[in-house]
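Read through the structure below, which is laid out as structure tokens, and then see the notes.
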Amino acid sequence: MKYIDHHAHMVSRTTDDYQQMALTGCVAVTEPAFWPGWDRSGPESVEDYFRQLTGFEPRRAAQYGIQHYTWLAMNPKEADDRELSREVLKRIPKFLDSPTVLGIGEIGLNRVTRNEIETYREQVELAIEYGQLILIHTPHLEDKYKGTWISVDVLRGYPEIEPGRVLVDHAEEHTIEMILADGYWAGLTLYPQTKISPQRAVDIIERYGPDRICVAGACDWGPSEPVAVPKFALEMRRRGHSEALIQKVIFENPVLFLSQSPRFKIKPGANELVPAAVI
Amino acid sequence: MSPLGATELVDEFFIENRTRLLEIAAFLDRLDRVEGGARDFRMRAFDEALKILSGPSKNRVNEIQMLLSDPVTKPLEELDRKSALGAYDHWRREVTS
């Protein structure tokens with residue numbers, strides 16, 4: 001079994017987690033830019049984070065034979081700060097030529113404020129201007145339905161966007177239909193408490209089929225699982241699903257979506273170890 | 001659809017869901033032992049969710065998701081806090097609207 005975790009905040013994880021992921025068949029991760037759990041002091045701090053995502057982290061992942069790609073954005077948790085957001089957005093284009101950048105993400109809403117929506121629009125327009133894939137974060141818990149509804153509604157105002165080049169992440173039972181209905185990809189992020197469990201993710205595959213759905217661990221600095229995707233695969237097996245269907249969801253689907261960026265290429269023998277000296 | 005039939009699903013998953021059921025029961029008993037004042041909107045939503053669980057619906061998870069969700073599609077004018085609380089206060093909305 002091999003898999004791709006399209007949403008993993010690896011800067012918050014230890015190298016032991018890379019090892020566990022490699023041992024369970026992970027060949028590639030994609031890391032959206034996000035909030036570190038506390039507000040940054042200014043745009044320079046965010047720019048350093050972008051340097052970490054595009055420079056250091058791919059080398060750290062390579063020690064375990066895992067390809068590391070990234071997405072750049074002003075994250076939704078700080079997007080209400082318009083001044084910081086404007087400064088961060090000015091700094092993104094110079095990183096877009098980096099060989100491991102796949103697109104703009106994770107953009108979107110947190111508490112669904114007017115400022116957050118304005119920052120979200122500007123990031124959608126940045127993605128359009130530079131021809132980038134888009135990865136959208138949807139809010140948590142009671143804000144998810146409202147935030148997903150508005151996120152999708154805003155995209156309808158940009159007819160130049162191809163829905164198949166957008167993945168709307170953190171989908172749950174009450175938001176999956178509105179995402180798939182407009183032609184977007186949906187991400188199911190497997191989380192111990194605030195998102196979706198492997199069991200409920202399998203329910204969604206059983207109800208809606210496997211097309212345009214990816215699963216990820218969304219591991220970060222909080223309670224989360226770097227090996228959530230293999231746990232999803234195990235749950236699929238317990239429910240009697242075929243290995244072919246499991247491979248479609250955890251490997252072939254993310255390859256299909258991510259390969260729309262010319263930079264995303266799975267190398268043959270991607271899970272072979274490389275010497276630690278590359279760091 | 002699940003490749004497993006009803007009997008197979010119960011055989012495979014009964015024990016872990018029995019555990020979840022007892023965890024909820026224990027949580028409610030724990031609250032009863034310490035309860036001093038009125039329960040807030042989160043526990044009111046929890047109680048409503050329990051009614052959905054024991055009802056005839058075949059779409060329980062969606063109904064509970066929407067019970068816990070902010071159903072309004074109007075943005076907040078200003079940021080009030082960073083994090084969500086887990087349940088929407090439908091009862092406050094009824095009072096203020």
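Just so we're on the same page: letters track the sequence lines, and every chain starts at 1.
Contact annotation for A/Glu235: only side-chain heavy atoms (C-beta onward) come within less than 4.5 Å of a heavy atom of chain B. In this structure, the portion of B/Leu68 lying under 4.5 Å from any heavy atom of chain A is its backbone and not its side chain. Within the 4.5 angstrom heavy-atom criterion, only backbone atoms of B/Glu78 (N, CA, C, O) approach chain A. Looking at A/Asp80, only its side chain comes within 4.5 Å of chain B, counting heavy atoms on both sides.
At a threshold of 4.5 Å between non-hydrogen side-chain atoms, the residues B/Asp80 and A/Arg111 count as touching. Side chains of B/Leu85 and A/Glu142 form a contact here, defined as non-hydrogen atoms less than 4.5 Å apart. Side-chain contact between B/Gln65 and A/Lys144 is absent, with no heavy atoms from C-beta onward closer than 4.5 Å. Within the 4.5 Å cutoff, no side-chain heavy atoms of A/Glu116 are placed close to those of B/Pro75. Two residues are said to be in side-chain contact when any heavy atoms from C-beta on lie closer than 4.5 Å; B/Met66 and A/Tyr145 meet this criterion. Between B/Leu79 and A/Thr113 there is a side-chain heavy-atom pair separated by less than 4.5 Å. Between A/His241 and B/Pro3, some side-chain heavy-atom pair lies under the 4.5 Å cut-off.
Enclosure of atom NZ in A/Lys231 is not indicated, since only 12 or fewer non-hydrogen atoms of other residues, nucleotides or ligands lie within 6.0 angstrom.
For the atom pair CZ of B/Phe13 and CZ of A/Arg238, the computed distance is 4.0 Å after rounding to the nearest 0.5 Å. Note: A/Glu177 CD to B/Asn62 CG = 7.0 Å, rounded to the nearest 0.5 Å. A/Arg207 contributes atom CZ, which lies 13.5 Å from atom OG of B/Ser2 (distance to the nearest 0.5 angstrom). The distance from the CZ atom of A/Arg239 to the CG atom of B/Leu9 is 7.0 Å, given to the nearest 0.5 Å. Atoms OG and CG, on B/Ser83 and A/Asp143 in that order, are 9.5 Å from each other to the nearest 0.5 Å. Atom CG in A/Asp153 sits 8.0 Å away from atom OG1 in B/Thr73 (nearest 0.5 Å).
A salt bridge between B/Lys82 and A/Glu78 is absent, with no side-chain N of the basic residue lying under 4.0 Å from a carboxylate O of the acidic one.
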Legend entry - B/Lys74 and A/Lys146: CA distance, side-chain angles, deciding distance, side chain to side chain contact (heavy atoms under 4.5 Å, CB included) verdict: CA-CA 8 Å; B/Lys74 187 180 165 199; A/Lys146 171 186 188 171; 5.7 Å; no

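Interface check for chain B: of the options A/Val202, A/Val112, A/Leu109, the most heavy-atom pairs under 4.5 Å are formed by A/Val112.
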